[in-house]
2 protein chains.
Amino acid sequence: MDKPTTKDLAKAAGVSLATVDRVLNARAGVRPATVERVRQAIKEIDFVRDMAAANLARNKVYRLVFLLPDHDDEFIGLIRNAIAEANMSMAHERVNVSIVRAPSNDPHRIAKILNTLSSEQIDGVAIMAPETPQVRDSIARLDAKGIAVVTFVSHQPTAESAYFVGINNRAAGRTVGQLMARFTGERKGEILVLTETMQARDSQERRLGFDTIMAKYAPRLGVRPSMETYGDPARTAKIVKTALESQPSIVGIYLMNHDFRDTMHAIEKQGAPQQTIIIGHELTPHTRACLIDGSMDAVITQDVGHLVRSSIRLLRAKATHVDTVASQERIRIEIILRENMP
Amino acid sequence: MDKPTTKDLAKAAGVSLATVDRVLNARAGVRPATVERVRQAIKEIDFVRDMAAANLARNKVYRLVFLLPDHDDEFIGLIRNAIAEANMSMAHERVNVSIVRAPSNDPHRIAKILNTLSSEQIDGVAIMAPETPQVRDSIARLDAKGIAVVTFVSHQPTAESAYFVGINNRAAGRTVGQLMARFTGERKGEILVLTETMQARDSQERRLGFDTIMAKYAPRLGVRPSMETYGDPARTAKIVKTALESQPSIVGIYLMNHDFRDTMHAIEKQGAPQQTIIIGHELTPHTRACLIDGSMDAVITQDVGHLVRSSIRLLRAKATHVDTVASQERIRIEIILRENMP
DNA sequence: GCGTAAATGAAGTACGTACCTCAAGTCAAC
DNA sequence: GTTGACTTGAGGTACGTACTTCATTTACGC
């Protein structure tokens, strides 16, 4: 009652191992009727190819690339660590993962890098980059070249050939909205929304989701227009100072981008009103510390290790033309409070 | 620049393949000095054993067993589905998982089942059962027999040889406490705590964590003693009726066990005060529906698929005497609101 | 029925590791 | 210096699949 092998399959189909091999690997030179016979036998004896052995025989290492932004914030750091760890723990899956970095505000540069990838060197790419026409075209080109692509963290809705690994940012924004609505109790006042840039689709979607819920559940609260820091500490400090001085009735702050260390620093320096609810994205050493010392109330995050492993599994499956277990690949929107911090 | 193989390792260590094999598989008959030389070489050339090939060569299927309670509630159903799914998706890992069921209130029966497992048939067991001396002894016996054991969902702190796969229930209770404290706003009143039985260690720990946070963050709220339903619908209805009638100032309800369909039904029938915050455990079809229709406010859950896969990985690693990636095995306490429901 | 092309089979090597056997080596105690 | 125990090496087979080569069979048009 052991698992059937290709040998059993050959016997069941009444053909030789060579023919089984031809069918399994879609090689030419087999009559359609014979192909069908083998297909039938596969179903009958419930044959599943031993991919470990197959890959061993192929002696192929799947070379995957993560394209990441070239600035070094905490979130990117976590991703890099997760990639390094995955490279270790998934070694027996015959994957070799490397990282390529590009300035996220230079679509041409990103496109150039993607366009130079050839299917001889690379089997798959996970792309974390803002949505631009250049990147979209590059993804189509990669697809045409037979290189597997997933979009990573940043959704590229116009790139149909690439599966998206990340959270639904609209839902993430809604989640923050719900927490903000409830954590502020019955208090009235204003909500500040800060982000690095509203150019990013992620920010737009989060904002959209956030507004929907705030309008529905907390009409008592006024949500201010998004303020952009452009990642500039001086500008950030100025914005925060002005906002907090002119708005004495702040009851909540939503930090919409990841790695808002400068922003938190500015808020702490300026001093927010007592009981101000502060919610932001991504669990990092910094946000972890903020949860512990109480300067933040909640963090919405996605499991970085899961993101990376999921991307790798999907790329590998795509490169091998194999199906995947979809349920394992859904990235959850996690709510972290001080009490359930991992 | 390929990945080093045992052959490369043999050359690097200046020994033969046979000796490398003896060292790698901890076989006897190698001088300590030689062992050390090979160990050094492993580090030097950064050798990692190709587990896929190793398992192929071993041609061993790891037979794992999940011991589950024999009553069929929604949570157990989810676990069974997850096990079936894992059996499919981890087939290439050479694991075969089966389920054995036992009445969770009959420790002798459970112990008897565990004691009949022999290391010839079974390589590992994941045990979901209440903590009892009988089970604890059985676990020790399994360990002595060389069968890998993890405790699953229910912590058995006295069984040192078994790794625990599940959440910290104390922290889970604290998390519920924090949500309850915040979701009730500034309102004053009483909190009901309902569970199937306080005999279960899980319930005790959740309660402990819950009380800690409530005392600290919501002293305005009175937390009532835990009420036990014993899984009896009639009793449940009576308890809920009495509690809600005699306590007009209920502002929150904590449902501490999983699968509280009867309890929710009784609450809905009796009618809780407007704005009563209801929080419970485990995301199931029922709690999912409750979140959507607003009859529940939050659900604390653990990823069942993750629980199962983690158990399998750990058992398999233990059976193979291999290290694991700890970070991948930590089960998170997930907070689910309507907005971030997966 | 003959020639040709297409389909199929038989048998091999390879992947990286496990595990076995047997021979040959080393070393220390006597 | 012999004995015996321990250590090491050499070489084999096996796991399930990929891929190749070459021989053989089948099908079809004439």
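- Under the 4.0 Å criterion applied to side-chain N and carboxylate O atoms, A/Asp8 and A/Lys3 are not assigned as salt-bridge partners.
- The aromatic rings of B/Phe66 and B/Phe152 lie perpendicular to each other, with more than 60° between the two planes, well past the 30° mark.
- Checked against A/Leu114 for a side chain to side chain contact (heavy atoms under 4.5 Å, CB included), the options A/Leu67, A/Val100, A/Asp137 give a single hit: A/Leu67.
- Distance from the side chain of B/Thr6 is smallest for C/dT17 among the nucleotides C/dC19, C/dT17, D/dC19.
- In this structure, CG of A/Asn59 is placed 12 Å from C1' of D/dT17, rounded to the nearest angstrom.
- Going from atom CG of B/Asp8 over to atom P of C/dG16 covers 9 Å, rounded to whole Å.
- Here D/dC19 is the nucleotide among C/dG16, D/dG16, D/dC19 with the atom lying nearest to any side-chain atom of A/Arg58.
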Pairs: protein N or O with nucleotides 8-14 of chain D N or O, under 3.5 Å:
from  : atom 1 : to      : atom 2 : distance (Å)
D/dT8 : OP1    : B/Arg31 : NE     : 3.3
D/dT8 : OP1    : B/Arg31 : NH2    : 3.1
D/dT8 : OP1    : B/Thr34 : OG1    : 2.2
D/dT8 : OP2    : B/Arg31 : N      : 2.8
D/dT8 : OP2    : B/Thr34 : OG1    : 3.4
D/dG9 : OP2    : B/Ser16 : N      : 2.7
D/dG9 : OP2    : B/Ser16 : OG     : 3.1
D/dG9 : OP2    : B/Thr19 : OG1    : 2.7
D/dG9 : O6     : B/Arg22 : NH2    : 3.0

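- Of the candidate nucleotides C/dC19, C/dC15, D/dA18, D/dA18 has the atom lying nearest to any side-chain atom of A/Arg49.
- The side chain of A/Ala54 lies closest to D/dA18 when the candidates are D/dG16, C/dC19, D/dA18.
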* To do: Let me have DNA chain C in dot-bracket notation, would you? Count Watson-Crick plus G-U wobble pairs, both distances under 3.5 Å, and use [ ] for pairs crossing earlier ones and | for inter-strand partners.
  => ||||||||||||||||||||||||||||||
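- In the model, A/Thr284 has a side-chain atom that pairs as donor or acceptor with a side-chain atom of A/Glu74 under 3.5 Å.
- At the heavy-atom level, B/Asn55 lies nowhere under 4.0 Å from the strands shown.
- Atoms NZ (A/Lys3) and P (D/dG16) sit 9 Å apart, rounded to a whole Å.
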